[in-house]
Each structure stands twice: as C-alpha cells, then as structure tokens.
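Quick caveat, the model's predicted, so the values are computed rather than measured.
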Amino acid sequence: MTSVPRILPRAFYDRPVLEVARDLLGQVLVHEFNGQVLRTCILETEAYDGEDDQACHARRGKTPRVVPMYEEAGHAFIYFTYGMHWLLNAVTGAVGYPAAVLIRAAYPLQGLTQMAQNRAGQPFAHWCDGPAKLTRALAIDGSLNTCDLCQANSPLRIETGWELPQEWVRRSPRIGIDYAGEPWRSLPWRLDIPYARFTDWMAHTEQQGVS
DNA sequence: TCTTCGATTGTCT
DNA sequence: GACAATCGAAGAA
C-alpha cells in the first residue's frame with residue numbers, strides 16, 4: 001500500500017452503478033473507531049440500479065429507509081435486515097436517482113486483533129466473507145448511515161487499493177433476490193474476485209516486498 | 001393496528 | 001440441506 005492512503009474521490013461514485021461495483025473490487029474499506037484503524041480489501045459487490053430494478057430496495061419509491069440512496073454519490077447507505085444484520089452500501093450516480101453498491105465481502109488487512117474479537121470463534125477466512133459478517137467484523141452499524149466515504153477524516157471511508165486484472169472479475173446473479181422476478185433475478189450484477197486467487201496473489205506480493 | 005417478510009448467518013442433522 | 005433467530009419497514013386492512 002502507498003505510504004499516504006488516498007481517498008477515492010466523489011467522481012469515482014458519480015458513474016453508472018455497475019462500473020462503480022466493478023471498480024470497487026480491490027479498493028480498501030476503512031473504519032476508524034476507538035482510536036483503531038480497521039482496513040479490508042473489497043472482494044465482492046452487487047449493483048442495485050434505480051426504481052425499475054425490482055431487486056432494489058428503492059423499487060417502491062422513496063420510502064424513509066431508502067432516502068440515502070437518492071442522495072449524493074459517495075455516501076454510505078447502511079440498513080438493518082433480518083432483525084439482526086447491518087448491510088453496507090456505497091451510493092452512486094446522480095442526486096435523485098437511487099442506486100448503490102452492496103459491499104458483500106472483503107479481505108482483512110489491518111486491525112486483525114479487533115476483527116478477531118468482533119468475529120469471536122470464527123476462522124480468519126470467514127471474518128468478512130458475507131455482507132453482514134463484514135459489517136460485524138468492522139463494527140459498522142446504523143450510526144454510520146449517510147457517512148461520507150470521500151473524506152479523509154471520515155470514520156468510514158474507502159481508500160485506493162490495488163488495480164486487479166479485469167479477467168479476475170467473476171460475474172453472477174445477485175444473492176437473495178428471488179422475489180424480484182425476471183430479468184432482475186438473473187442479471188449478472190454480482191461481481192467478485194475469487195478468494196483463492198486474491199490470497200495467492202497477496203502471498204506472492206508480500207514475498208516480493210511489494211505492499 | 002395487523003401481517004408479512006427480508007440485499008443473512010450460524011447451528012444442527 | 002434445513003431451519004431458527006429476531007425486529008423494523010412497508011403494505012394491507
């Protein structure tokens with residue numbers, strides 16, 4: 001990683017949501033709290049695109065819960081689901097157009113002791129391999145909803161990470177949205193880097209001293 | 001007010 | 001592979 005972390009600018013998010021979802025892979029999600037810095041590398045995302053997208057929470061319009069999706073790109077949209085889980089999204093596109101990228105999985109980089117504590121009893125590989133596991137490991141909850149991801153002094157932000165080869169990116173249908181019907185249910189709007197591919201590469205770069 | 005159900009996870013069989 | 005946990009948002013009544 002570069003010695004001085006750079007924050008992804010707002011322009012990064014002010015683009016079509018599918019592009020943002022793809023380009024977020026390999027970037028570094030940071031949560032600073034209790035004087036500690038927790039860093040992870042984003043490995044899996046999903047795109048949700050507008051009121052027409054029947055899998056999108058904004059499909060019924062601008063209800064109180066989804067207001068952040070309509071706001072300025074580059075902010076966090078964090079919501080509560082299944083009575084116990086927080087899920088983290090990055091808002092994209094123009095103000096007034098509800099679109100966001102769900103961050104589904106990441107690789108732990110820094111703050112490992114704290115993450116292990118937050119994911120007590122779970123092995124390293126499963127600390128951040130799901131959207132609610134990730135928020136649990138990073139101690140992210142609703143108090144961070146609408147947080148600006150583009151500010152260097154923001155407790156929750158996304159820094160530039162690595163440019164991973166495009167051919168590493170897998171595309172598949174989004175998870176847990178069977179209710180949406182076609183074509184939404186089958187659109188390949190889930191993007192991910194295979195975990196093993198990333199860890200092999202990490203092991204190699206660490207050996208080379210390139211980090 | 002009542003009812004349904006979810007962008008999930010962990011445990012148990 | 002099945003299923004319970006757990007509760008707020010949203011729609012129906």
> Of A:Gln122 and A:Leu88, whose closest DNA chain B nucleotide lies nearer the 5' terminus?
Replying inline: A:Leu88

>> At 4.0 Å (heavy atoms only), tell me whether A:Leu102 reaches a base, stays on the sugar-phosphate, or touches nothing.
In response: base

>> Does the structure place the NZ or CZ of A:Arg15 under 6.0 Å from the centre of the six-membered ring of A:Phe12, at an angle of no more than 45° from the ring's axis?
In response: yes

> Which residue, A:Lys133 or A:Ile175, contacts DNA chain B at a nucleotide closer to its 5' end, judged by nearest heavy atom?
Replying inline: A:Ile175

> Do A:Glu159 and A:Arg6 sit within salt-bridge range, that is, some charged N less than 4.0 Å from a carboxylate O?
Replying inline: no

> Side-chain donor-acceptor pair under 3.5 Å between A:Tyr70 and A:Glu51, yes or no?
Replying inline: yes

>> Please report the distance, rounded to the nearest Å, between CZ in A:Arg60 and C1' in C:dA9.
In response: 11 Å

> To the side chain of A:Leu87, which of B:dT8, B:dG6, C:dG11 is closest?
Replying inline: B:dT8

> So what does A:Arg65 touch, heavy atoms closer than 4.0 Å: a base, only the sugar-phosphate, or nothing?
Replying inline: sugar-phosphate

> Is a salt bridge present between A:Glu32 and A:Arg157, judged by a nitrogen-to-oxygen distance below 4.0 Å?
Replying inline: yes

>> Which residues in residues 71-86 of chain A have a heavy atom closer than 4.0 Å to any atom of DNA chain C?
In response: A:Tyr82, A:Gly83, A:Met84

> How close or far is atom C1' of C:dG8 from atom CG of A:Asp141, stated in whole angstroms?
Replying inline: 15 Å

>> With a cut-off of less than 4.0 Å, is there a side-chain N or O of A:Arg104 near OP1 or OP2 of B:dT8?
In response: yes

>> Between C1' on B:dG6 and CD on A:Glu46, what's the gap in Å once rounded to a whole number?
In response: 14 Å

>> Can you tell whether the side chains of A:Arg119 and A:Asp129 come within less than 4.0 Å, N to carboxylate O?
In response: no

> If you draw the axis of the six-membered ring of A:Tyr48, does the NZ or CZ of A:Arg174 fall within 45° of it and under 6.0 Å from the ring centre?
Replying inline: yes

>> How many whole angstroms separate atom CZ of A:Arg136 from atom P of C:dT6?
In response: 12 Å

>> Any carboxylate oxygen within less than 4.0 angstrom of a Lys/Arg side-chain nitrogen, looking at A:Arg185 and A:Glu182?
In response: yes

> Roughly how many Å is it from CZ in A:Arg59 to P in C:dA10, rounded to a whole number?
Replying inline: 10 Å

> Name the stems with DNA chain C in them: runs of three or more consecutive Watson-Crick or G-U pairs, distances under 3.5 Å?
Replying inline: B:1-6 with C:7-12, B:8-12 with C:1-5

>> Looking only at the side chains, is there a donor atom on one of A:Asn89 and A:Tyr79 sitting less than 3.5 Å from an acceptor on the other?
In response: no

> How far apart are the C-alpha atoms of A:Arg10 and A:Asp148, what are their side-chain angles, what is the distance that settles it, and do they pass the salt bridge (charged side-chain N to carboxylate O under 4.0 Å, His left out) test?
Replying inline: CA-CA 9 Å; A:Arg10 194 159 325 278; A:Asp148 191 348; 2.8 Å; yes

